[in-house]
Amino acid sequence: MKLSKYFYKKINYLLFGMGLLSVNAISGTKIDKLEVKEQLAVFTTLEQKLITGAGCMASTNINKWALNLTCQQGRDFYSLLLVAISSSAKVSISSENDCEGTDNYEIVGSMTWFNGFDYPS
């Protein structure tokens with residue numbers, strides 16, 4: 001499947017913007033599991049969040065995040081998530097500090113994709 005230049009341009013702008021605005025709740029982890037439940041994508045990270053998370057989040061969901069697939073931002077994050085999973089890349093995630101409509105999962109506020117290369121210092 002060949003992806004369009006528009007898709008790559010959109011992802012680059014999204015990554016750049018998220019990198020500038022991101023305050024990470026979890027830094028550099030891989031995705032362990034992805035499940036789509038109706039209009040909600042729930043994914044599990046290999047590492048737990050660095051902070052306790054939103055107060056509305058259930059304690060059993062400490063390493064789980066949600067994306068609302070009914071809005072454009074959720075669909076954009078979902079696309080980025082699929083790229084990260086397919087390339088075994090790490091992602092950095094920050095919280096929206098909200099769980100509305102997610103069955104007590106924390107909603108992703110921003111996500112940054114890492115290419116997986118370790119650059120020498």
Side-chain angles (χ1 to χ4, degrees):
M1 180 171 99
K2 187 174 180 176
L3 299 174
S4 70
K5 288 182 182 181
Y6 173 76
F7 175 79
Y8 285 114
K9 188 174 184 178
K10 188 174 181 180
I11 291 293
N12 283 334
Y13 284 126
L14 182 66
L15 292 173
F16 180 72
M18 288 184 302
L20 290 176
L21 300 174
S22 165
V23 176
N24 297 322
I26 189 165
S27 179
T29 187
K30 289 189 177 185
I31 306 305
D32 184 44
K33 180 180 176 182
L34 171 63
E35 181 178 1
V36 176
K37 302 175 181 181
E38 297 178 16
Q39 299 299 320
L40 191 67
V42 176
F43 64 96
T44 306
T45 56
L46 290 176
E47 296 177 24
Q48 291 186 351
K49 300 170 187 170
L50 299 175
I51 60 173
T52 57
C56 56
M57 180 186 67
S59 60
T60 56
N61 296 337
I62 191 69
N63 62 334
K64 296 180 181 178
W65 297 89
L67 300 170
N68 180 349
L69 300 177
T70 62
C71 68
Q72 187 61 48
Q73 180 181 3
R75 291 189 297 270
D76 290 344
F77 286 149
Y78 184 73
S79 296
L80 182 62
L81 192 63
L82 292 177
V83 170
I85 291 170
S86 67
S87 63
S88 296
K90 291 183 176 183
V91 292
S92 179
I93 306 161
S94 70
S95 174
E96 187 71 25
N97 292 317
D98 189 14
C99 303
E100 185 177 342
T102 68
D103 296 328
N104 298 323
Y105 296 106
E106 192 163 11
I107 298 173
V108 173
S110 69
M111 184 185 304
T112 305
W113 172 76
F114 295 96
N115 63 12
F117 296 106
D118 293 324
Y119 295 103
S121 311

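With rounding to the nearest 0.5 Å, the separation of CG in N97 from CE in M57 is 10.0 Å. In this structure, OG1 in T70 is found 6.0 Å from CD in Q39, a value given to the nearest 0.5 Å. Note that CZ of R75 is 11.5 Å distant from CG of L67, once rounded to the nearest 0.5 Å. Between atom CG of residue N68 and atom CZ of residue F77 there is a gap of 11.5 Å, rounded to the nearest 0.5 Å. Separating the OG1 atom in T44 from the CD atom in E35 is a distance of 8.0 Å, to the nearest 0.5 Å. Note that the OG atom of S86 and the CD1 atom of I31 stand 11.5 Å from one another [nearest 0.5 Å].
Side-chain contact between K33 and V42 is absent, with no heavy-atom pair separated by less than 4.5 Å. With a 4.5 Å cut-off on side-chain heavy atoms, N61 and D103 do not count as touching.
Residue W65 forms a side chain to side chain contact (heavy atoms under 4.5 Å, CB included) with just one option from T45, T102, I107, and that option is T45. Between F43 and the options I85, I93, D32, a side chain to side chain contact (heavy atoms under 4.5 Å, CB included) holds for only I93.
Around atom CD of E100, no more than 12 heavy atoms belonging to other residues, nucleotides or ligands sit under 6.0 Å away.
Closest of all the heavy-atom pairs between S110 and V108 is O-CG1, 3.5 Å. The two residues E47 and T29 come nearest to each other via the heavy atoms N-OG1, 3.2 Å. Considering every non-hydrogen atom in both L40 and A66, the closest pair reads CD1-CB, 3.9 Å. For the pair L34 and A41, the tightest heavy-atom approach, listed with the atom from each and the gap, is CD1-CB, 4.3 Å.
Using a distance-only test at 3.5 Å, with no hydrogens or angles considered, no donor-acceptor pair links the side chain of E106 to the main chain of N63.
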